[in-house]
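Right, one structure below, let's go through it.
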Amino acid sequence: MDQCPPTVAQPSGQDAIAAAWSAERRLLNPAVRSDSETLQKLLAADFHEIGQSGKHWTRDEILNVLISNSFACSVATSTGSRSSV
């Protein structure tokens with residue numbers, strides 16, 4: 001959370017938990033997942049994730065996958081069939 005300008009109050013306690021859940025729910029929205037600018041705001045610069053398989057994902061890798069998958073989903077939706085992109 002140290003990415004915000006110093007003048008922005010940081011949530012704490014229950015507010016911080018609510019803000020985290022809100023951001024998580026936003027990531028489920030296909031429009032958010034396909035918007036690079038919004039994704040970059042939602043994921044901290046030092047974001048990383050370890051997937052179910054044990055693979056370590058960097059922020060850039062996650063951004064690329066989310067945007068690519070969003071594109072694939074939009075192609076599948078518009079054509080009526082799922083295609084690999």
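Atom set for the values below is all heavy atoms of this structure, side chains included, hydrogens, waters and symmetry mates excluded. Positions are given from 1, in the same order as the sequence printed here.
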State, with a plain yes or no, whether a side-chain heavy atom of Thr58 is found less than 4.5 Å away from one of Leu63.
no
Separation between CG (Leu66) and OG (Ser36), nearest 0.5 Å, reads 10.0 Å
Taking CZ in Arg26 as the centre, count heavy atoms belonging to other residues, nucleotides or ligands within less than 6.0 Å. Is the count above 12?
no
Do the side chains of Glu61 and His48 get nearer than 4.5 Å, heavy atoms only?
no
Is it true that Ile17 and Leu42 fall in one hydrophobic cluster, defined by side-chain heavy atoms closer than 4.5 Å?
no
Spatial distance of atom CZ (Arg59) from atom CD (Glu49) [nearest 0.5 Å]:
13.5 Å
If only atom types and distance count, is the side chain of Arg33 paired as donor or acceptor with the main-chain N or O of Leu27 below 3.5 Å?
yes
